[in-house]
Amino acid sequence: MKHEVVKGKSRSSWFSAARLVLVATLVVVPLDFGADETWGWTSLLLMALVLLVLWTIGTIQEAKPRIVWSPFYIPAVFFLLLGMMQFFTQRTLNPTSTREAVLKLTTDVILFFVVIQLFSVASIKAWRSFGLAVSLFASSLSLFSIVQFLSGDGMIYWAVNSSQGAFGPYFNRDHYAGLMEMLIPLAAAYVLSRPEGHPIRTMLSFAVLLPVVSLLLAGSRGGLISFLAEVLVFGAIIVQYVPGQARRGVATAAGLGVTVAGALFFWIAPRTITGRLATVANLKHRDEVGVADRLQISRDSLRIFRDFPWFGTGMGSFETVYPQYQSEVTDEIIDHAHNDYAEALAEAGLVGGILILTSLVTFFALAFRNLNERLKHERGWMQLGATLGCCGLLVHSLVDFNLHMPANAAWFAVCAALASMPLGSLVGVEGQSSPGDTKDDQRKRKGSPIDVAIEGAVDSLDRRGSGFGRGASCLDAEGRRRRPDRDREPDCGLR
C-alpha cells in the first residue's frame with residue numbers, strides 16, 4: 001500500500017512537471033520573434049516532444065491509464081497524414097517547405113493532445129495557476145512592448161533592426177495583435193472568475209488593460225476588428241447565459257475596462273497610430289499590403305486551387321507557386337496569401353479544405369455547447385476565454401497568416417484544446433475525491449510537491465481575498481447568498 005501512495009505522487013509529479021514545462025514554453029516562444037526562425041520552431045518541436053514524454057511517463061505509472069478522447073483527433077491526424085502523403089509521394093512543388101510545414105503541424109497536434117490530457121486531470125488550483133501565469137505574462141509582455149514602442153528607436157529589444165511594422169518581439173504588428181487576441185480573453189476570463197472584492201481581481205485587472213492598450217498601439221487593423229468580434233461574442237454570451245444580477249456586474253466591469261483602456265490608449269498613442277486605425281475601412285494603403293491587395297492575393301490563390309483541386313500544391317509551397325499566378329506586379333516577395341483559408345485550399349486542395357471545415361464545425365459545436373452548465377464553474381469561464389481567443393484569431397485569419405507563425409499557432413492549439421475539452425472529462429481530477437475513493441486514493445490525489453508549491457501561492461491569494469461577507473459569496477439555487485467552499489471549485493460562475 002505504501003508503494004501505491006508513492007506511485008500516485010510520482011505520477012502527479014510528472015503531470016505537474018509537464019504543465020510547468022508547457023507554461024514555460026508558451027511564455028518563451030513568442031519572445032523568440034514568434035519562433036519564426038528555424039532554430040525557434042525546431043526548439044518548439046523538441047519541447048512538444050518533451051511534454052509528450054513527461055505525460056507518457058506519468059500515464060504509464062497510473063494504475064488505470066486513461067486517455068481523454070476528442071473528436072478533433074480525427075481531422076487533425078488526417079490533415080497530418082495528408083501533409084506526409086504530399087511529401088513522401090512527391091505531390092508537392094516544394095518538398096523542403098512541405099517537410100517543414102509537416103513538422104510544424106506535428107508540433108501543434110502534439111500540443112493539442114497533451115494539453116487535453118494534462119488539464120483534464122488538473123485540479124482547479126492548477127487551472128487557477130495557469131490563468132494567473134497567462135495574466136502575468138500578458139501584462140508583462142504588453143508593458144515591455146509599450147515601453148519599446150514609445151522609445152521610438154524602431155528596434156526589437158533595442159538591438160535588432162526591424163521594419164516599421166514591428167511591434168513587441170514580432171517583426172509584424174499583425175502577429176503581435178494575433179497573440180494578444182488569445183491572451184486577452186484568457187486573462188479576462190481568469191480575472192472575472194475571481195470573487196468580487198478579491199484583491200487579485202483588482203490587481204490583475206491591470207493585466208487585462210495593458211494588453212488591450214498594446215493591441216491598439218500595435219496599429220493592426222485586423223487585430224482591432226478581431227478584438228471587436230471577441231467583444232461582441234462575449235457580450236452575446238453574457239446576455240444569453242448569465243443571470244441578471246451577475247450580468248450587471250460583468251457588464252459594468254467590462255464597460256469600465258474598455259473605457260479605461262481606450263482612454264489610456266488615446267492618451268499615449270501618437271497620431272500615426274490613431275490615423276492608421278482610422279483607415280480600417282480603406283481598401284488601399286501605401287507602402288504595405290492593403291485590403292484590396294489581400295483580396296487580390298486571395299483570388300489568385302483560388303486560381304491555384306482550381307488548377308490543383310484535390311490535394312493542392314503541397315503544404316508550405318505557396319511562396320514557390322504564387323509567382324506563376326500573381327496578377328499584380330510588385331517588387332515584394334509574397335510568401336503567404338494573407339488569408340489562411342485561401343492559402344490552405346491552394347496548398348491542401350479539396351481534401352484539406354474538407355478537413356478544415358470539419359474541424360471548424362467540430363470546434364464550434366464543442367466550444368459553445370452546454371454553456372449554461374460550463375459557466376457555473378471556474379473552468380468553464382477559462383474555457384470561454386480560450387474559445388473567444390480562438391474566435392478572434394479565426395476572424396483575423398481572413399486577412400492575415402497568424403496560423404503560419406509558430407508561436408501563435410502553438411497558443412492557438414492550446415486555446416483550442418482548452419475550449420473544446422468536454423466538461424465531463426473534468427470529473428475526478430487531481431486533488432478532488434471521487435465516489436468510492438479510499439483514504440489512500442485521497443492521499444494520492446493531494447498532488448505533488450510541485451503542485452503544492454505553485455498552487456499554494458495562488459491559494460493564499462484566494463484566501464486573502466475571499467473574505468466572507470465582502471461580495472465573495474455565491475448565489476444558491478433559490479437566489480440566496482451562500483458562502484463558497486475555499487477548497488472546492490465554486491459552482492456559481494462569476495460572482
Side-chain angles (χ1 to χ4, degrees), residues 23-24 26-35 130-158 160 162 165-192 200-228 230-231 234 253-254 256-270 273-274 276-277 385-386 388-389 392-393 396 402 405 407-408 410-412 414-415:
V23 171
L26 292 175
V27 167
V28 170
V29 289
L31 305 180
D32 176 28
F33 313 112
F130 179 75
L132 179 62
V134 171
S135 301
L136 294 176
F137 171 61
S139 60
S140 301
L141 179 60
S142 300
L143 180 60
F144 156 74
S145 301
I146 292 173
V147 172
Q148 177 180 268
F149 171 77
L150 294 179
S151 68
D153 61 3
M155 303 181 72
I156 298 178
Y157 299 124
W158 296 280
V160 180
S162 62
F167 197 87
Y170 286 81
F171 287 102
N172 188 325
R173 58 165 64 92
D174 294 307
H175 297 157
Y176 175 85
L179 177 64
M180 288 298 117
E181 290 158 19
M182 293 179 283
L183 296 183
I184 291 172
L186 277 172
Y190 170 71
V191 172
L192 290 175
I200 199 172
R201 180 172 181 172
T202 303
M203 290 186 297
L204 289 183
S205 296
F206 189 65
V208 181
L209 297 180
L210 274 180
V212 173
V213 173
S214 70
L215 185 151
L216 297 175
L217 282 176
S220 170
R221 291 176 288 260
L224 174 61
I225 294 173
S226 302
F227 176 68
L228 293 177
E230 292 176 341
V231 173
F234 178 70
L256 181 61
V258 171
T259 301
V260 173
L264 183 59
F265 163 71
F266 283 108
W267 179 47
I268 65 177
I273 297 299
T274 55
R276 176 183 171 81
L277 292 179
L388 294 175
L393 202 67
H396 202 162
N402 267 286
M405 182 61 54
N408 290 14
W411 270 100
F412 182 82
V414 172
C415 288

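Nothing here was measured: the structure is a model prediction, and the numbers come from that model.
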[X] side chain near [Y] side chain, heavy-atom distance below 4.5 Å:
X      : Y      : answer
Phe227 : Ile184 : yes
Asn402 : Trp411 : no
Val208 : Leu192 : no
Met182 : Val414 : no
Leu179 : Pro30  : yes

Roughly how far apart are [X] [atom1] and [Y] [atom2], rounded to 0.5 Å?
X      : Y      : atom1 : atom2 : answer
Gln148 : Tyr157 : CD    : OH    : 8.0 Å
Leu216 : Met180 : CG    : CE    : 12.0 Å
Leu217 : Ile146 : CG    : CD1   : 5.5 Å
Met405 : Leu393 : CE    : CG    : 11.5 Å

Ignoring hydrogens and geometry, is there a side-chain-to-backbone donor-acceptor pair from Arg173 to Ala218 under 3.5 Å?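 At least one qualifying donor-acceptor pair exists.
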Phe137: which residues meet the ring pair (Phe, Tyr, Trp, His ring centres under 6.0 Å) condition with it, sequence neighbours left out? none
Those residues that, when tested against Phe412, pass ring pair (Phe, Tyr, Trp, His ring centres under 6.0 Å) (two or more places apart):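 For Phe412, no residue satisfies ring pair (Phe, Tyr, Trp, His ring centres under 6.0 Å) once neighbours in sequence are set aside.
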Trace of the side chain to side chain contact (heavy atoms under 4.5 Å, CB included) decision for Asn408 with Tyr170: CA-CA 11 Å; Asn408 290 14; Tyr170 286 81; 2.7 Å; yes
Shortest non-hydrogen contact between [X] and [Y], atoms and distance:
X      : Y      : result
Ala133 : Val23  : CB-CG1, 3.9 Å
Val134 : Ala187 : CG1-N, 4.3 Å
Gly385 : Pro185 : O-CB, 3.2 Å
Ser142 : Pro211 : OG-CA, 3.1 Å

Got a sec, which residues hit side-chain contact (heavy atoms from CB on, under 4.5 Å) with [X], two or more places apart in sequence or on another chain?
X      : value
Leu228 : Leu224
Val160 : Phe33, Ile156, Phe171
Ala177 : Glu181, Leu215, Ser220, His396
Ala386 : Leu186, Cys415, Leu418, Ala419

Modelled atom types, side-chain donor and acceptor of Tyr176 and Ser214, under 3.5 Å: yes
Please test Leu210 against Leu141 for side chain to side chain contact (heavy atoms under 4.5 Å, CB included), starting from the C-alpha separation and ending with a verdict. CA-CA 9 Å; Leu210 274 180; Leu141 179 60; over 6 Å; no
